[in-house]
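Presented below is the structure to which this report refers.
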Amino acid sequence: MDMNFLDFEQPIAELEAKIEELRLVGDDNEINIQDEIERLQTKSRELTESIFSRLTPWQISQLARHPQRPYTLDYVAHLFGEFHELHGDRTFADDQAIVGGLARLDERPVMVIGHQKGRDTKEKIRRNFGMPRPEGYRKALRLMRLAERFRLPVLTFIDTPGAYPGVGAEERGQSEAIARNLQEMAALRVPVLCTVIGEGGSGGALAIGVGDRLLMLQYSTYSVISPEGCASILWKSADKAPVAAEAMGITSERLQELDLVDEVVAEPLGGAHRNPAATAKALKEALLRALGEIASLSPDALVERRYQRLMRYGEFTTAA
Amino acid sequence: MKFEAGEAAMSWFQKLVPSRIRTTGDNKRTVPEGLWDKCPGCNAILYRAEMERNLEVCPKCGYHNRIGARRRLDQFLDEEGREEIGAELESADPLKFKDSKKYKDRLLQAQKKTEEKDALVVMQGRLKGLDVVTAAFEFAFMGGSMGSVVGERFVRAVKRCLELGIPLVCFSASGGARMQESLFALMQMAKTSAALGRLRQRGIPFVSVMTDPTMGGVSASLAMLGDLNIAEPNALIGFAGPRVIEQTVRETLPEGFQRSEFLLEHGALDMILDRRELRERIADLLAILTHRG
C-alpha cells in the first residue's frame, strides 16, 4: 500500500503506480508509449475527480490530517515575502506547537500565528503533534498584543488535534490560557483573520480562532470534539467515528451552510498536499480580499462588528 | 471533558431501606432521596432533613454533594425581588443530531428529569440587599453541557448586568461543550467570553464560583474569567478529563489532581469557600469591589 495515498485513494494509487511503471519501461526500451501514459493519466484524473466529488466527512477528516498536508510554516513560506519568527511567552517557555512572527503579505506588514505539527518523528515530538500547552496560547496572546500596539493585522492558521491534555498543562492553567485568549481576541483593535488549514480541534483551535472572518480550506475540519472522541462517548465505540463525523457536521461545506464559516477556499484536485503552491495562492487571494473588506473600518467599528458577530452565534427558539 | 449526565447512583444504604418509607412526590432533588443518606466522603449515616438544612454539605466531614441550579440560586439570593431571565429559550437542534438517541429526545428526557428547559438558570435578584444577576448550571441536565441556549442565557445575564451596572455571579457545574450542538456549542465559548470582556471593560465585577465538576469548554471560557475565581472544596476543575490525561501520559495521576485545592496551590483560584459561607462572603467581597459600606 502506498502511504502517499489514503485508503479510499488506493484505486488512484494503483493507476499512478502503473503510469510510473510504464515510464520506466519507456525509458529502458525507447518505445514510444506516450499515448498509453496519457490515456492512463486522463483516467487517473477522472477517477480522482470522481472519488473527490463524493467524499464522506470521515474521508475529509482523514485528508485534514494527511501526513503530507501542508502545515502553517509551509504556507508561511509560500504566502509571505518576509517572515521573522518570534519566540516565547516571556513567562515560562517557548511552546513549539504554536509558531508566530512578523511577516509581510505582499507589502503589508502583518502578524502571523499558527499551530505547527511536525513532519518526522523528532519534529512531531518537538511540536507535540500540534497540541499546545498554556505557554503556547500565552505566546500567541503576547504576539497579538504586540500586533495591536503596532497596528498589524493578525492572521491565524488553525491546525491542531486539540489543546494538550497533560498534567503540566493542567497545572499551568490550560483552561485559563484558552479562556483569556477568547476574551482578548474578541476585543483586539486590529483586524483578525482566522483560517482552518487542517484540523480544527475544539477549544485548542478556537483559542487562536476568534476573529473578523473565519475561513476554511476545503478539506479542513472544525469540531467541538474529534469524531473518535465523540463516537467513544455517544456511541461507546471509537469505531463509530465515521458516523460521528457525519452527525457533527465538521466539514467546510456543511459549516458554511450552517453559517458558521464565512468562506471556503477551494483546494487543488486531490487535496492541498497535491499542490501546496496552488493552495497557498488561492489562500493568499482570499486573505487579501478579506483584509481589504475590513481594512477601512476604524478600530472601534471593527471591534463592535466582531462583537455583534460573536453574539449571533447559536441556534435557539423562543417558546411562547 | 464531555459526558452525559450520569444517573445519581443509589447508595447501598438506600437499597437497604424499604421503599415504602422513602419520600416521594414533587420534591425533586439531585441528591438521592430517602430519609437517610450515606456521606460519600466519610460514610457517616446522615438524616436527610439535616442534610437539607446544611445545604447538602456533610456536617461531619464537610463533603459537598452536588446540588441543582434552582436550589443553588434559591439559597444564595434574598427571598424578595427575584426575576428569571431567558427562561423562554429552547434548543433548536440545528444539526438534527442523532446518536443512539435523537438529541431532541435527549432534551425531552433531560427536561422531564430536571424540570428545566436547559442546563443554565439565570436569575436577577438581591444578595443581602445588593442587586445582582446570578447564573447556575444544572449538572443533571445533560451534564451541565453548554449549547446555544446556555450561551445565550449567559450572555443575557451579562447584558442585564451591563444595563443596570450590577455584578454577576455564576455557579458553574458542567462537563463542557454540548457535543450534540457541535460547532455551535464550541462558539458559545467565544460568545460568553467576549460578553464577559464587556463587563470587564465597564468595571462591573464578575464572580465565578466553580463547583463539582467544572470541565472542558465551560472551564476554558466563562468559568476561568472571574474577577474573582472561587471554588467549593474538592471540586473537579480542569480542561481535559482525568481519564483522557491518564490515557495520554500513561501514568497514574497525582493524588488530588484537578481538585480545588490543587488549583489553589497552582494559582488558578483566589480562594476556596465552603458552600455554607458563600452567601456571606460573596456579599462582603462584592460590597468591597463596589465601594459599599
Side-chain angles (χ1 to χ4, degrees), chain A residues 162-167 169-187 200 202-207 209-210 222-225 229-231 233-236 240 243-244 247-250 254-255 258 260-261 306-307 310-320, chain B residues 2-4 88-95 97-100 117 147-149 151-152 155 177-179 181-191 193-198 200-201 216-217 219-225 237-241 244-245 248-249 253-254 257-258 262 266-268:
Chain A
Y164 185 60
V167 175
E170 294 289 326
E171 287 175 339
R172 297 191 293 279
Q174 188 74 288
S175 284
E176 193 274 345
I178 294 171
R180 185 70 50 208
N181 280 18
L182 303 181
Q183 186 167 72
E184 299 283 331
M185 287 186 90
S202 196
L206 186 64
V210 180
Y222 201 176
S223 63
V224 69
I225 183 171
C230 180
I233 298 171
L234 290 184
W235 281 266
K236 316 284 176 220
K240 294 281 184 193
V243 191
M248 285 197 296
I250 63 175
R254 183 89 177 94
L255 292 170
L258 293 169
L260 287 163
V261 165
R306 191 184 307 145
Y307 185 76
L310 288 167
M311 292 308 116
R312 280 195 300 274
Y313 278 134
E315 291 282 324
F316 45 81
T317 58
T318 306
Chain B
K2 299 158 183 97
F3 51 78
E4 289 297 292
E88 68 280 14
L89 303 175
E90 284 190 54
S91 173
D93 187 17
L95 295 165
F97 194 95
K98 180 173 175 285
D99 49 88
S100 56
K117 287 291 183 194
S148 299
V149 172
E152 178 66 17
V155 163
R178 188 173 296 169
M179 281 177 291
E181 293 191 28
S182 195
L183 208 64
F184 288 100
L186 188 73
M187 292 306 178
Q188 303 311 309
M189 293 171 64
K191 179 172 170 171
S193 301
L196 285 172
R198 293 271 156 124
R200 173 177 288 252
Q201 274 172 2
S219 144
S221 62
L222 59 98
M224 278 292 168
L225 292 172
I237 302 164
F239 178 68
V244 175
I245 296 175
T248 310
V249 300
L253 300 172
F257 180 63
Q258 292 184 317
F262 176 92
H266 285 90

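Everything numeric here is computed off the predicted structure, so don't read it as measured data.
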Against chain A, work out which of [options] has the most heavy-atom pairs shorter than 4.5 Å and name it.
options                                    : result
Ala185(B), Ser219(B), Gly267(B)            : Ser219(B)
Gln258(B), Lys98(B), Glu181(B)             : Gln258(B)
Met224(B), His266(B), Arg200(B), Arg198(B) : Arg198(B)

Against chain A, label [X] side chain, backbone, both or neither, depending on which of its atoms sit under 4.5 Å from a heavy atom there.
X         : answer
Lys191(B) : both
Glu90(B)  : both
Leu196(B) : both
Ala190(B) : both

Region of [X] in contact with chain B, defined by heavy-atom distances below 4.5 Å:
X         : result
Val167(A) : both
Ala207(A) : neither
Ala247(A) : both
Arg180(A) : both

Taking every non-hydrogen atom, the tightest pair across Gly314(A) and Ser148(B): CA-OG, 3.4 Å

Compare all side-chain heavy atoms of Glu315(A) with those of Leu95(B) and state whether any distance is below 4.5 angstrom. no

